Amino acid sequence: MSALQPRLLVAALGVAAVLGLSGSAAGSAEPAPAPPGGAAIRDVVLAVHGGAGSLPRGTITPEQERAYRDGLTAALRTGSRLLREGRPSLDAVEAAVRVLEDDPNFNAGRGAVFNTDAEHELDASIMNGKDLRSGAVAGVHNTKNPISLARMVMERSPHVMMAGVGADTFALRNGVPYTTQDYFFTQRRWDALLAAKEPDATAEQGGSTVGAVAVDSARDVAAATSTGGLTNKLVGRVGDSPIIGAGTYANNRTVAVSCTGTGEVFIRGVAAYDLSAIMEYTRAPVDRAAAKVVNEKIPSLGATGGVIALDPRGTLATPHSTPGLINGYITRDGRIVTRVYDDETPTG
Ligand code: ASP
């Protein structure tokens with residue numbers, strides 16, 4: 001140890017005392033335990049999630065776990081390649097979400113859940129933190145990648161949000177091929193619908209919604225979210241995922257956020273915008289603002305869920321009030337971590 005170090009330590013403790021820091025911050029007491037997934041992670045350029053849900057160990061097979069991790073890793077590789085090429089964060093989040101929409105393991109695009117009429121109605125939104133431009137689609141039936149349609153609404157229409165037949169027609173007019181509903185089918189989601197229709201079934205089921213947040217070399221952030229919603233949802237039900245400020249938000253002054261959980265409550269709590277507003281108006285760091293929304297506000301409104309939230313400096317928070325949040329991130333130096341439980345599994 002150099003002679004300087006003890007003096008630096010004394011100086012640091014002195015500064016902490018002057019700033020009124022006590023306990024863990026000054027190093028004299030046990031740090032308060034971070035809520036699940038709540039600890040901040042630094043130097044992140046892209047993060048993705050595959051939904052909040054109940055995934056205690058042993059409830060999914062090792063094959064299913066592998067499939068989730070592979071899907072997250074593929075999305076992270078695709079999005080981060082674009083960032084390395086100097087492309088904007090908006091491109092990275094769209095590309096990452098497209099990979100997850102194409103992966104039948106997730107509840108978005110192919111693999112989306114069924115509504116009560118055994119149809120798929122898809123919701124998605126995307127937002128650019130630099131200028132607050134955003135695009136969203138709700139209740140889409142025949143568009144393979146709703147996230148790209150959301151971006152088209154943002155870039156090729158004067159609107160922010162389009163729904164139903166109008167959104168699918170807008171896709172066709174912009175050269176997106178028509179996709180029949182059977183493309184979205186998976187046996188697993190069909191079985192879930194039948195189970196949800198049993199008389200003794202519990203409430204509507206979500207899970208495996210997907211999302212991405214990114215920051216590029218210009219420190220511009222972006223966010224994107226895509227979902228099939230809740231199994232056995234009423235026809236026409238729209239959740240938080242396509243609603244800017246509820247399921248998705250991005251602002252260079254604060255944060256990029258993608259939410260997952262009971263959509264109705266995320267709408268009522270204006271969750272994604274609230275997280276950003278807490279940061280903007282109180283100067284709270286991303287982990288504290290995210291914990292406030294996810295671990296206090298959403299539960300106080302009677303629901304559970306999680307978020308991925310990334311600030312322009314590359315600090316990521318992934319708090320959740322569900323037993324798990326399927327998520328992963330890639331750091332500036334290319335380290336990939338995927339998390340299906342609350343573990344840290346490096347994959348590349
Ligand atoms: N938030 C989505 C919705 O309510 C569901 C989910 O995230 O699992 O549509």
Side-chain angles (χ1 to χ4, degrees), residues 44-51 67-112 122-130 133-137 140 143-156 171 174-177 179 183 208-228 241-242 247-250 256-258 260 308 310 312 314 316 326-332 334-338 347-348:
V44 172
V45 290
L46 172 67
V48 293
H49 73 79
Y68 281 134
R69 291 194 197 278
D70 288 350
L72 297 172
T73 303
L76 290 167
R77 290 216 166 106
T78 301
S80 62
R81 192 176 317 124
L82 299 181
L83 291 173
R84 272 198 309 280
E85 288 167 5
R87 304 260 295 271
S89 51
L90 192 69
D91 288 0
V93 293
E94 181 194 355
V97 166
R98 277 181 74 104
V99 169
L100 298 171
E101 285 179 338
D102 293 346
D103 184 329
N105 291 293
F106 297 96
N107 172 19
R110 186 160 167 243
L122 311 171
D123 299 337
S125 64
I126 191 163
M127 186 160 184
N128 198 30
K130 187 178 169 183
R133 280 187 311 146
S134 38
V137 290
V140 166
T143 303
K144 182 170 168 269
N145 291 108
I147 198 64
S148 295
L149 183 56
R151 184 164 178 182
M152 265 179 204
V153 170
M154 172 177 126
E155 290 180 338
R156 299 191 201 171
N174 280 282
V176 178
T179 304
Y183 165 78
S208 302
T209 286
V210 307
V213 289
V215 59
D216 58 30
S217 54
R219 287 204 171 186
D220 292 331
V221 296
T225 311
S226 182
T227 189
S241 306
T248 303
Y249 197 73
V257 189
S258 173
T260 171
I308 53 173
L310 181 66
L316 174 73
I326 298 174
N327 72 96
Y329 61 86
I330 181 164
T331 56
R332 228 174 287 283
R335 191 170 61 94
I336 290 181
V337 170
T338 58
T347 54

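We're numbering straight along the sequence, starting at 1. Quick caveat: nothing in here was measured; it's all calculated off a predicted structure.
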Is a donor on one side and an acceptor on the other found under 3.5 Å between the side chain of [X] and the backbone of [Y]?
X	Y	answer
Thr338	Arg69	no
Arg110	Asp103	no
Ser208	Gly51	no
Asn128	Leu90	no
Ser80	Arg77	yes

Is any side-chain heavy atom of [X] less than 4.5 Å from a side-chain heavy atom of [Y]?
X	Y	answer
Val215	Ser89	no
Lys144	Glu101	no
Thr143	Met152	no
Ser241	Thr209	yes
Arg335	Ile330	no
Leu72	Asn327	no

(message) Assess whether a salt bridge exists between Glu85 and Arg81, defined as any Lys/Arg side-chain N lying under 4.0 Å from an Asp/Glu carboxylate O.
(response)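 Salt bridge flag = no for Arg81 with Glu85.
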
(message) Tell me whether Asp216 is salt-bridged to Lys130, with the criterion being a basic N under 4.0 Å from an acidic carboxylate O.
(response)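 No, Asp216 and Lys130 are not salt-bridged.
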
Got a second to check how far [X]'s [atom1] is from [Y]'s [atom2], nearest 0.5 Å?
X	Y	atom1	atom2	value
Ser217	Arg332	OG	CZ	10.0 Å
Thr248	Ile147	OG1	CD1	7.0 Å
Leu310	Leu316	CG	CG	5.5 Å

(request) Please list, chain by chain and in numerical order, all residues satisfying side-chain contact (heavy atoms from CB on, under 4.5 Å) with Ser148, sequence neighbours excluded. (result)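 Ser148: side-chain contact (heavy atoms from CB on, under 4.5 Å) contacts with Glu94, Arg98, Asn145.
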
(request) Would you tell me whether Ser125 and Thr225 have side-chain atoms, one donor and one acceptor, within less than 3.5 Å of each other? (result)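 Judged by distance alone, the side chains do not pair up.
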
(request) Give the minimum heavy-atom separation between Gly328 and Leu76, together with the two atoms involved. (result)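 Closest approach of Gly328 to Leu76, heavy atoms only: C-CD1, 3.7 Å.
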
